[in-house]
Amino acid sequence: MALNIDNIRSDFPILSKEVYNKPLIYFDNGATTQKPLQVINRISEYYLNENSNVHRGAHYLSQIATDHFENARKYVAGFINAKSHREVIFTKGTTESINLVASSIKGLIEKDDEIIITAMEHHSNMVPWQQLCINKNAKLRNLSVAGDGSISLSELKDLIGPSTKLIAIAHISNVLGTINPVKEIIEIAHNNGIPVLIDGAQAIAHVNVDVQDLDCDFYAFSAHKAYGPMGIGVLYGKESWLNKLAPYQYGGEMINTVSFNITTFNELPYKFEAGTPDVAGALGMESALRYIDNLGIDNIRSYEDELLEYATNSISKLVGVRVIGTALEKTAVLSFVVDNIHPFDIGTLMNQLGIALRSGNHCAQPLMEHLKITGTLRASFALYNTKDEVDIFVSALEKAINMLS
Amino acid sequence: MALNIDNIRSDFPILSKEVYNKPLIYFDNGATTQKPLQVINRISEYYLNENSNVHRGAHYLSQIATDHFENARKYVAGFINAKSHREVIFTKGTTESINLVASSIKGLIEKDDEIIITAMEHHSNMVPWQQLCINKNAKLRNLSVAGDGSISLSELKDLIGPSTKLIAIAHISNVLGTINPVKEIIEIAHNNGIPVLIDGAQAIAHVNVDVQDLDCDFYAFSAHKAYGPMGIGVLYGKESWLNKLAPYQYGGEMINTVSFNITTFNELPYKFEAGTPDVAGALGMESALRYIDNLGIDNIRSYEDELLEYATNSISKLVGVRVIGTALEKTAVLSFVVDNIHPFDIGTLMNQLGIALRSGNHCAQPLMEHLKITGTLRASFALYNTKDEVDIFVSALEKAINMLS
Amino acid sequence: MTIKERAQSVVDEFSMFDDWMDKYAYLIELGKELPLIDEKYKNETHLISGCQSRVWLHASYEEEKVSFTADSDAVITKGIISLLIRVLSDSKPSDIVTADLSFIDEIGLKAHLSPTRANGLVSMIKQMQLYARALHIKNS
Amino acid sequence: MTIKERAQSVVDEFSMFDDWMDKYAYLIELGKELPLIDEKYKNETHLISGCQSRVWLHASYEEEKVSFTADSDAVITKGIISLLIRVLSDSKPSDIVTADLSFIDEIGLKAHLSPTRANGLVSMIKQMQLYARALHIKNS
Ligand SMILES: Cc1ncc(COP(=O)(O)O)c(C=O)c1O
Ligand SMILES: Cc1ncc(COP(=O)(O)O)c(C=O)c1O
């Protein structure tokens, strides 16, 4: 089914904005997406009509808020096809989700154990493991990334050993757009008894995510990269794993009984949710995922793939432009460099022309080193972007290159 | 200056709601306050016009969002009179703020060190220290609470010893309403070279908070208890202390440079802010604090004191009602029990009569044990509550007691 | 009477009241009729977790039927559990385990109780069914 | 010319352009005139942290005046730093430290640069003032 992009765009008022008297072209969706009215209104609606603290209340508003909050959890569980809503932990976002696992799994990691990541990880899925390894005298192992932005399963098999305790890998690279073969990776890992954490930050809004089909042990994502509000995200974890992990932080609903000397902790998912949760955020996230569901993630995927292909072809025609990340399995992200021109110079001029790109190392310094570049320009697409916008982007890029050559 | 409560109430549309065909009387402000239109609209406005990721951007929206986000930080710094905006760390809320300190101070706590808390702490300011002590073989020491809900400075002096490494105490008790003499406590602590963390969850909306005047080392609070959005709060820390603490979580803006083997961390406040921050939340918090500032915290304080006194006098006339927490220095919170009637029974009937109270242990089980009660009913007030509401509350309470006697 | 019939009679009774304050008054009365648990069972073992007021529940098995006694420190909770006992007690384990408990929604109990209370209600029912299952296995 | 006068001449020049794209074209030109840093100074020591493009800055002191040379791997950054050098270089340390830099806002540079760039700008100025202060102390 084709998406009706005009209708969709009218749900996102910010897209009609002008910047420096130029129509805004928002191609920084990998950093954060814009939010549809449905999400913005849901948040207002909550504060106007339902606001209350949850769980511990003994009154009407508190019950409404609790029901809606727990229904949001169930909706999220359904969206990623979790077996149970108990496997859905609300966090601040991908970064906290990953840090939560790194912190709560600490007791299971010992000296000389190994954790495998890849050279394309975002700092948020790299530094927590690096620091855990430093802390535990364990070893961080690095799966390399080929020139086209892909990884090799046979290299992974070679890296895996009896000391491997965890594999942490991005579902989709925020720099290269590569869709990693996570299902195959998980199968290989499980054959060796190793759990896998997937960083789904760049995947959740772009491809179908089915945690049971993937069979991943952990899956982390942020609402704000999937048309939802900032400040909230999810850690999915298999119940058996979440039960094995130590609690994360202390206070509020995560506590069962406390005396001065001892505390017993609540069951899942509350065990990992200390303090008053972001109820408005959870409801906003639910609205955002409903928005995606209504359009259909597969329709979104094919629309964005088309857009990516069109944009890739168009910029490839410009002299000096080199696309970074050309894996076969790829979506939504278009990184590039221009020979002899610094990404920042182009980014600055593009901004002046109304086009929101990102330039730099994209919080993936090790990847930049690995690819021997100092940074890229990145155009990242969402379901509301259009070929017309791509055309404007390409001619602006041409203009910028001319000015800078 | 007297507050114009009619005007104020019109800023909070939820207060005109009906519950079971009765006008809603919201006396659960200790759990979370309602939000004025100014806050709700600020959040919408952000998503409609300014939404972008911050700091790392190279474009117009990103700059706007960053400016507003950092201005919000400065506003918060001014609100609590911090020396510098670098001392203001955005967190999820009080609970995360306290857990952050407990986690990052770990390296400075050794076997047989001691941490002092009080018997009136909320679980969020008790269990993190309890677990840290268990983890480090350190000792948690407990300052007792007198029958009226006050603590004794001379007992504190006796508790302090050469092994004392930290004192953590609520500014205002969420059960008793006691305003603790934190300035005196901090002076005593500092004379002994001990840092002090203040749990300001129940204080920030009710009394003037001046961290330089208090001279506290850490101050934690949540926006949602001060007319702001859920999901965001603050850890204030003295720069010298924040520099001493280890980073908390890893990823995003908190990183300076990363290579595969080593990471260097960003300066304050970013060192403690991993991942995409809740920009909308920060702006919502700024609006909420502006709302308080516009009315004047001292005006709010005297209005709420008057309300508390009126309510205390009124319920004290009812047979069998006993107020829990009668310290001289007290505000905004009115806990009580009724002889021979379970708090839950009253709470249930009060809810049916439109009155939102909280009943139970209020996340302070050790205090309940200490006071030898199973729970209380709690009415907690905010700047929009009125004496008329108190009257309705008192006659409903009378009715409930009659039904249950 | 079957469980279904007993449930229907509860629904009929509650339909007489328009005002929830009257329903609560009735629940409070019902609480007083609760088949009280023997004091010796009011211990940790018989405490149901998940309720914010304390509830003790005991089950016994005679002539292939399960009977319940209970107590609580909160009166309205007592009323609720007395309803549950009236509907479920004195029944075959299999009937208890498979019972249609929609009467709880029908009388509006679930919607009118706080989330913690509602969780308590779920805990009570779970515990009753657990007892029924256990006693059934033990005695067969 | 004083720092103030040099700043004014920058403001005057920029006021000729209405369109920011023209201002950028001009900045790019200015970048080419940047007093280039000696290759031997293009090392870690002379790198300014806080800029997302790399900027090397060197200062020297002669006849009670500080002079700067610099380079960057980004052309627009070069243009910006060349403006700063034009205004601040060849001045007394005390004048550099106390200089009124409102010309940056006046030509709209700060508002038109990304936050990271703006931070970079702040870092550059900070570094120039640091050098000035250090050289002043060292030589007095
Ligand atoms: C005294 C006190 N401390 C800490 C907290 C925890 O605050 P939050 O749930 O917003 O993290 C609360 C709120 O319930 C409180 O009243
Ligand atoms: C692949 C990847 N992982 C993790 C993150 C961190 O997400 P957040 O900042 O929402 O925690 C991002 C976003 O920048 C990302 O692209």
Side-chain angles (χ1 to χ4, degrees), chain A residues 13-14 19 28 31-32 34-35 40 43-44 47-49 51-53 56-61 92-96 99 123-124 127-128 130-131 142 222 224 229-232 249-252 255 257-260 263 274-276 278-281 347 351 356-360 363 365-366 369, chain B residues 13-14 19 28 31-32 34-35 40 43-44 47-49 51-53 56-61 92-96 99 123-124 127-128 130-131 142 222 224 229-232 249-252 255 257-260 263 274-276 278-281 347 351 356-360 363 365-366 369:
Chain A
I14 202 170
V19 162
D28 193 18
T32 199
Q34 298 304 332
K35 323 302 173 197
I40 301 170
I43 295 170
S44 298
Y47 284 127
L48 288 168
N49 274 305
N51 175 61
S52 176
N53 211 320
R56 285 160 284 166
H59 55 80
Y60 178 82
L61 282 181
K92 270 194 289 198
T94 311
T95 302
E96 191 185 28
N99 276 278
H123 295 166
S124 293
V127 185
Q130 181 196 55
Q131 297 295 314
N142 202 21
S222 308
H224 75 92
M230 291 176 140
I232 190 152
Q249 300 192 328
Y250 309 98
I255 281 160
T257 62
V258 196
S259 69
F260 187 68
T263 299
T276 301
D278 183 0
V279 181
N351 175 43
L357 300 179
R358 185 142 296 223
S359 59
C363 289
Q365 288 179 31
E369 265 179 55
Chain B
I14 202 170
V19 162
D28 194 18
T32 198
Q34 298 304 333
K35 324 302 174 199
I40 301 171
I43 295 169
S44 299
Y47 284 128
L48 288 168
N49 273 305
N51 174 62
S52 175
N53 210 322
R56 283 160 284 167
H59 56 79
Y60 178 81
L61 282 181
K92 269 195 287 198
T94 312
T95 302
E96 190 185 30
N99 277 276
H123 295 166
S124 293
V127 185
Q130 181 196 54
Q131 297 295 314
N142 202 21
S222 307
H224 75 93
M230 290 176 143
I232 189 151
Q249 300 192 328
Y250 309 99
I255 280 160
T257 62
V258 196
S259 70
F260 187 68
T263 298
T276 301
D278 182 0
V279 181
N351 175 43
L357 300 179
R358 185 141 298 221
S359 59
C363 289
Q365 289 178 32
E369 266 179 54

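Throughout, protein chains are lettered first and strands after them, A, B, ... in sequence-line order, and every chain is numbered starting at 1. Here the structure is a predicted model, which is why all the values come from computation and not from measurement.
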A.B. asks: Side chains of A:Met230 and B:Thr276: does their closest heavy-atom pair fall under 4.5 Å?
C.D. replies: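 Heavy-atom side-chain distance check passes, below 4.5 Å.
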A.B. asks: Any heavy-atom pair between the side chains of A:His224 and B:Asn51 that's under 4.5 Å?
C.D. replies: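 Counting from C-beta outward, B:Asn51 and A:His224 never come under 4.5 Å.
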A.B. asks: Does any heavy atom of chain A fall under 4.5 Å from the side chain of B:Ser222, the backbone, both, or neither of them?
C.D. replies: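 For B:Ser222, no heavy atom lies under 4.5 Å from chain A.
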A.B. asks: If you count heavy-atom pairs under 4.5 Å with chain A, which of B:Gly347, B:Gly281, B:Ala274, B:Gly360 comes out on top?
C.D. replies: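 The candidate making the most pairs under 4.5 Å is B:Ala274.
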A.B. asks: Checking A:Gln131 against chain B: side chain, backbone, both or neither under 4.5 Å from a heavy atom?
C.D. replies: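 A:Gln131 touches chain B through side-chain heavy atoms alone.
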A.B. asks: Looking only at non-hydrogen atoms, find the nearest pair between B:Gln365 and A:Thr257 and report the distance.
C.D. replies: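 Scanning both residues, the minimum pair turns out to be OE1-CA, 3.3 Å.
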A.B. asks: Looking at OG1 of A:Thr95 and CD of B:Gln249, how far apart are the two atoms once the value is rounded to the nearest 0.5 Å?
C.D. replies: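 Rounded to the nearest 0.5 Å, the OG1-CD separation comes out at 8.5 Å.
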A.B. asks: Test your reading of the model: is there a side-chain donor-acceptor pair from B:Gln130 to the backbone of A:Phe260, 3.5 Å cut-off?
C.D. replies: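 Pair found, side chain donor or acceptor close to backbone of A:Phe260.
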A.B. asks: Counting heavy-atom pairs closer than 4.5 Å to chain B, which one of A:Val279, A:Thr94, A:Asn142, A:Val19 comes out on top?
C.D. replies: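 Among the listed options, the one with the most contacts to chain B is A:Asn142.
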A.B. asks: With chain B as the partner, which of A:Val258, A:Thr32, A:Ile40 has the greatest number of non-hydrogen pairs under 4.5 Å?
C.D. replies: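 Of the candidates given, the most pairs with chain B belong to A:Val258.
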A.B. asks: Closest heavy-atom contact between B:Tyr47 and A:Gln34?
C.D. replies: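 That closest heavy-atom pairing would be O-OE1, 4.4 Å.
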A.B. asks: Drop me the distance from A:Lys92's NZ to B:Asp278's CG, to the nearest 0.5 angstrom.
C.D. replies: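 It is 9.5 Å, given to the nearest 0.5 Å.
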A.B. asks: Do A:Asp28 and B:Leu61 touch side chain to side chain, with heavy atoms closer than 4.5 Å?
C.D. replies: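 Counting from C-beta outward, A:Asp28 and B:Leu61 never come under 4.5 Å.
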A.B. asks: Walk me through it: do A:Thr263 and B:His123 pass the test side chain to side chain contact (heavy atoms under 4.5 Å, CB included)?
C.D. replies: CA-CA 10 Å; A:Thr263 299; B:His123 295 166; over 6 Å; no
A.B. asks: What's the shortest heavy-atom distance between A:Gly252 and B:Cys363, and which atoms?
C.D. replies: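 The pair with the smallest heavy-atom distance is CA-SG, 4.2 Å.
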A.B. asks: With a 3.5 Å distance limit and no angle check, can you tell me whether B:Asn99 reaches the backbone of A:Tyr250 through a side-chain donor-acceptor pair?
C.D. replies: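 Between the backbone of A:Tyr250 and the side chain of B:Asn99 there is a qualifying donor-acceptor contact (under 3.5 Å).
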A.B. asks: Chain A heavy atoms under 4.5 Å from B:Ile43: which part of the residue, side chain, backbone, both or neither?
C.D. replies: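 The side chain, not the backbone.
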A.B. asks: With a 4.5 angstrom heavy-atom cut-off, is it the side chain or the backbone of B:Glu369 that approaches chain A, or both, or neither?
C.D. replies: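 Interface part for B:Glu369: side chain.
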